[in-house]
Amino acid sequence: MSYDLKGKVALITGGAVGIGFSCAKEILRFGAQAVVIIDIDETKGQLAAKELAEEFGPEKVLFIKVDVTKSDELEDAIKKTISTWKKIDVMINNAAILNDGLWELEIFININALVQGNLLGLKYMSKKTGGNGGVIINMSSIVALQATPACPIYSGTKNFVIGFSRSLGDFYHYNRTGVKVITLCPGVTDTAQPAQAESSLSHFLFPELRNLFVKEVVNVPRQPASSVGLAATSLITKANSGTVWVAEDNKPAYEIIFPDRTTLRKQ
Ligand SMILES: NC(=O)c1ccc[n+]([C@@H]2O[C@H](COP(=O)([O-])OP(=O)(O)OC[C@H]3O[C@@H](n4cnc5c(N)ncnc54)[C@H](O)[C@@H]3O)[C@@H](O)[C@H]2O)c1
């Protein structure tokens, strides 16, 4: 299932800063034709696009202001991508918030909008509906794989990403669509997200557990966002559909192996 990123067109949600921005940069370094950054933050999005345009060329970068919870905005951005470059090959559903104090919004962004991103990605990339096939990376987190009492809702949303992506990435879908669906679980990474959560007690359902969050998530060595960007490009090119990977401690990503339940289907 190897996939060549050269000449491909990628769209990244929440790509203005942090991990999403690093994914955009690495994808361009790997020879992609273009990257479309979509983000709710217009100022940071424009700055990100400017930086990438200076390094890789203005014809390779586009920023579109999108709130991923608004599916019409998301679809318009995909249509704009296709009208500009005649195709979309890669989609990284990366936008998320960590704020259990606003848990309904958190679920809406981290789950509903991610599902919508996948459905739209499939609509435009699937061979069944006239696309060329491609790759979807869904951003989960290491906190999906460990109990995280300080932010149980966030942890739950990231668990959803794993179950959803494994099922949508199963070969039953891949054989129909030609779209690989892969999950990436970053470890603690040096971006604004953990510090923002730490800065306000209102980000927690149980404020007395904020110190635990600081101990387990903030005060641990943080890898640079670039290592997650590198992991994403290596998964796009090499990982099989339906697989789940961890990128932590600034090391190459490793695969999580789940018990094989596919034999049950044959009974
Ligand atoms: N930083 C970490 O330690 C870490 C660890 C594991 C997983 N993750 C995951 O990686 C991804 C990126 O995290 P990050 O640390 O770079 O976060 P970040 O907060 O630095 O960046 C997130 C980006 O998403 C954008 N965004 C938020 N809501 C949006 C919306 N409704 N519509 C469009 N854009 C929106 C923000 O404006 C921002 O640019 C997230 O899915 C996060 O949950 C982060």
Side-chain angles (χ1 to χ4, degrees), residues 11-26 36-49 51 63-77 91-100 102 104-114 116-117 137-146 148 150-151 153-162 164-165 183-200 203 213-214 216-229 231-232 244-250 253:
L11 182 146
I12 301 163
T13 74
V17 297
I19 288 172
F21 179 69
S22 288
C23 290
K25 202 171 210 176
E26 294 304 331
V36 179
I37 287 177
I38 71 173
D39 205 286
I40 199 170
D41 189 325
E42 184 156 27
T43 310
K44 289 183 180 152
Q46 297 287 10
L47 275 175
E51 186 179 329
F63 167 70
I64 307 173
K65 181 179 187 289
V66 170
D67 177 347
V68 291
T69 63
K70 298 187 173 141
S71 58
D72 54 335
E73 291 186 11
L74 193 52
E75 183 157 18
D76 284 348
M91 182 160 180
I92 304 189
N93 292 295
N94 165 77
I97 62 167
L98 194 178
N99 189 339
D100 276 14
L102 295 176
E104 283 161 307
L105 176 65
E106 187 180 48
I107 288 173
F108 208 82
I109 295 174
N110 298 8
I111 295 182
N112 295 39
L114 180 129
Q116 193 58 262
I137 300 264
N138 289 325
M139 208 60 78
S140 178
S141 170
I142 194 70
V143 305
L145 300 165
Q146 64 193 41
T148 313
C151 42
I153 314 281
Y154 176 75
S155 170
T157 65
K158 292 301 182 178
N159 268 284
F160 173 88
V161 176
I162 293 180
F164 174 68
S165 311
T183 312
L184 176 53
C185 303
V188 180
T189 307
D190 195 12
T191 70
Q193 197 193 61
Q196 264 169 9
E198 179 205 5
S199 68
S200 163
H203 279 61
F213 178 79
V214 172
E216 291 186 347
V217 180
V218 180
N219 284 351
V220 299
R222 296 187 206 177
Q223 63 186 351
S226 57
S227 70
V228 186
V244 179
W245 298 75
V246 172
E248 61 179 347
D249 298 332
N250 204 13

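Side chains included, hydrogens not; waters and symmetry mates left out as well; all remaining heavy atoms used. All ligand and atom numbering here is 1-based and tracks the order in the structure. Note that the structure is a prediction, hence the values are computed from the model and not measured.
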Grab the two heavy atoms, one from [X] and one from [Y], that are nearest each other, plus how far apart they are.
| X | Y | answer |
| --- | --- | --- |
| D41 | F63 | O-CZ, 3.8 Å |
| I37 | A48 | CD1-CB, 4.0 Å |
| A77 | V66 | CB-CG2, 3.8 Å |
| V220 | E216 | CG1-O, 3.5 Å |

Partners passing ring pair (Phe, Tyr, Trp, His ring centres under 6.0 Å) against F213 (at least two apart in sequence or in another chain):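 For F213, the residues satisfying ring pair (Phe, Tyr, Trp, His ring centres under 6.0 Å) (neighbours in sequence not counted) are F204.
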Which heavy atom of the protein is the closest neighbour of [atom], given with residue, atom name and distance?
| atom | result |
| --- | --- |
| atom 32 (N) of ligand 1 | V68 N, 2.9 Å |
| atom 21 (O) of ligand 1 | V17 CG2, 3.6 Å |
| atom 38 (C) of ligand 1 | D39 OD2, 3.5 Å |
| atom 41 (O) of ligand 1 | N94 O, 2.7 Å |
| atom 3 (O) of ligand 1 | T189 N, 2.8 Å |
| atom 24 (O) of ligand 1 | G14 CA, 3.4 Å |
| atom 42 (C) of ligand 1 | Q193 NE2, 3.3 Å |
| atom 16 (O) of ligand 1 | I19 N, 2.8 Å |

Ligand 1 N/O within reach of [X] N/O, cut-off under 3.5 Å:
| X | answer |
| --- | --- |
| V188 | no |
| I40 | yes |
| D41 | no |
| Q196 | no |
| T69 | no |

What pairs of residues pass the salt bridge (charged side-chain N to carboxylate O under 4.0 Å, His left out) test when at least one of them lies in residues 12-26, not counting sequence neighbours?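 The answer is K25-E51, K25-E55, E26-R29.
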Look up atom [atom1] in [X] and atom [atom2] in [Y], then write down how far apart they are to the nearest 0.5 Å.
| X | Y | atom1 | atom2 | answer |
| --- | --- | --- | --- | --- |
| N93 | L184 | CG | CG | 12.5 Å |
| L105 | I97 | CG | CD1 | 4.0 Å |
| I109 | D67 | CD1 | CG | 7.0 Å |
| L74 | T69 | CG | OG1 | 9.5 Å |
| F21 | L47 | CZ | CG | 9.5 Å |

Does [X] approach ligand 1 within less than 4.0 angstrom via side chain, backbone, both or neither, non-hydrogen atoms only?
| X | answer |
| --- | --- |
| V66 | backbone |
| T191 | side chain |
| S140 | backbone |
| K158 | side chain |
| F21 | neither |

Quick check on contacts: which atoms of ligand 1 are under 4.0 angstrom from a heavy atom of [X]?
| X | value |
| --- | --- |
| D67 | 30 (C), 31 (N), 32 (N) |
| S141 | 6 (C), 7 (C) |
| A96 | 40 (C), 41 (O), 43 (O) |
| G18 | 16 (O) |

Do C185 and L145 have side chains that get closer than 4.5 Å, going by heavy atoms?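 In short, these two side chains touch, coming nearer than 4.5 Å.
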Should T13 be listed as contacting ligand 1, given a heavy-atom distance under 4.0 Å as the test?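 In this structure, T13 fails to qualify as a contact of ligand 1 - no heavy atom is under 4.0 Å.
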Quick check on G187 - does any of its heavy atoms sit under 4.0 Å from an atom of ligand 1?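 The answer is yes, since G187 has a heavy atom less than 4.0 Å from ligand 1.
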Can you spot which of N112, D100, N110 makes a side-chain hydrogen bond (donor to acceptor under 3.5 Å, both in side chains) with T157?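 Considering N112, D100, N110, a side-chain hydrogen bond (donor to acceptor under 3.5 Å, both in side chains) with T157 is found only for N110.
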I92 and M139: CA distance, side-chain angles, deciding distance, side-chain contact (heavy atoms from CB on, under 4.5 Å) verdict: CA-CA 7 Å; I92 304 189; M139 208 60 78; 4.1 Å; yes
